[in-house]
Amino acid sequence: MNYCLASSAFPSSHTTLLRNKLSPFLFRRNRSHQSLQLCRRNFQIRAMRAVIQRVSSSSVTVDGRIVSEIGPGLLVLIGIHESDTDADADYICRKVLNMRLFTNESTGRGWDQNVSSVNKICLFLQFTLYGFMKGNKPDFHVAMPPEKAKPFYASLVERFQKAYKPDAVKGIKTFSIGYKVNLVNDGPVTMQLESPQSSK
């Protein structure tokens, strides 16, 4: 024999009580589902990431020693996915060099000139751009491992230098967990880029 219990079979007070008892469970289940969806999204994203900041000045120090420094220009934080290739590096290089983030001093027109009008770029390897929260703890396992990311990043710096001006692009040669990045964001202006994923 089959039974079907509809909400009308219970007094409204009983229905409210049952709903209140179930609410914490349903909330936890919804949060778990959202967390799973976020994890799946991060697993699916396979691209080089860049956060570009227009700066009046920027410097990187290790143990109190300046290892890279620029005046007006762009500070570019680079996140490298484990699957990134030269095609991703080409895209990021081309887009950053051509982004019109600066005012034309001759005409006063905003968003009119690329970085060539102010000269300097600082590229900084930032693996935490490929971190996502696993519960309350960040997980970085989809970022390119350090032993591969360091030479890849060095080749990216060289790519920028060849495409632009060798002495106008600064990178980091000393890798440490004790970096201090100082910057004066001009605007502020902060943009995000991801390389296309169609080829992967």
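- Taking Tyr164 as the reference, nothing meets the ring-ring contact (aromatic ring centres under 6.0 Å, His included) condition, with sequence neighbours excluded.
- Between Val55 and Leu74, the closest side-chain pair of non-hydrogen atoms is not below 4.5 Å.
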Q. Hey, mind stepping through Val60 and Glu69 against side-chain contact (heavy atoms from CB on, under 4.5 Å) and telling me if it holds?
A. CA-CA 6 Å; Val60 181; Glu69 185 177 22; over 6 Å; no

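- Side-chain heavy atoms closer than 4.5 Å link hydrophobic residues (I, L, V, M, F, W, Y) into clusters, and following such links, possibly through other members, connects Phe152 to Leu193.
- Residue pairs meeting the salt bridge (Lys or Arg N to Asp or Glu O under 4.0 Å) criterion with at least one partner in residues 90-103, sequence neighbours excluded, are Asp90-Arg159.
- Here Ser59 contributes atom OG and Lys170 contributes atom NZ; the two are 13.0 Å apart, rounded to the nearest 0.5 Å.
- In this structure, Leu129 CG and Gln192 CD are separated by 8.5 Å, a value rounded to the nearest 0.5 Å.
- Connection of Tyr153 to Val181 is established within a shared hydrophobic cluster, with ILVMFWY side chains joined at heavy-atom distances below 4.5 Å, either directly or through further cluster members.
- Heavy-atom neighbours of Glu147 CD from other residues, nucleotides or ligands within 6.0 Å: above the threshold of 12.
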Q: Could you go through the side-chain contact (heavy atoms from CB on, under 4.5 Å) check for Phe102 and Val115 one step at a time?
A: CA-CA 7 Å; Phe102 298 91; Val115 70; 4.1 Å; yes

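- Formation of a donor-acceptor pair under 3.5 Å by the Tyr130 side chain with backbone atoms of His141 is not found in this model.
- Considering CE of Met99 and CG of Leu97, their distance stands at 10.5 Å, rounded to 0.5 Å.
- When hydrophobic clusters are built by joining Ile, Leu, Val, Met, Phe, Trp and Tyr residues whose side-chain heavy atoms come closer than 4.5 Å, directly or via intermediates, Met191 is not grouped with Val184.
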Q: Evaluate the side-chain contact (heavy atoms from CB on, under 4.5 Å) criterion for residues Phe124 and Ile172: first the C-alpha distance (whole Å), next the side-chain angles of each, then the deciding distance (0.1 Å), finally the verdict.
A: CA-CA 7 Å; Phe124 185 76; Ile172 307 297; 3.8 Å; yes

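- Aromatic pair Phe132/Phe140: centroids not less than 6.0 angstrom apart.
- Between Gln161 atom CD and Ile121 atom CD1 the span is 10.0 Å, to the nearest 0.5 Å.
- Across all non-hydrogen atoms, the minimal contact from Ser117 to Asn114 is OG-O, 3.0 Å.
- One hydrophobic cluster, built from ILVMFWY side chains closer than 4.5 Å, holds both Met48 and Val51.
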Q.
Is there a side-chain contact (heavy atoms from CB on, under 4.5 Å) between Leu77 and Gln53? Walk through the geometry before answering.
A. CA-CA 8 Å; Leu77 307 180; Gln53 300 184 78; 4.1 Å; yes

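- Under the 3.5 Å distance criterion, with hydrogens and angles disregarded, no donor-acceptor pair is assigned to the side chains of Ser195 and Asp84.
- With sequence neighbours left out, the side-chain hydrogen bond (donor to acceptor under 3.5 Å, both in side chains) criterion links Ser57 to no other residue.
- More than 12 non-hydrogen atoms from other residues, nucleotides or ligands lie less than 6.0 angstrom from NZ of Lys165.
- Separation of atoms CG (Leu75) and CD (Gln126) is listed at 9.5 Å; rounding is to 0.5 Å.
- Annotation: the span from Thr103 atom OG1 to Asp112 atom CG amounts to 8.5 Å, rounded to 0.5 Å.
- Nearest heavy-atom pair across Asp88 and Ala47 is OD1-CA, 4.5 Å.
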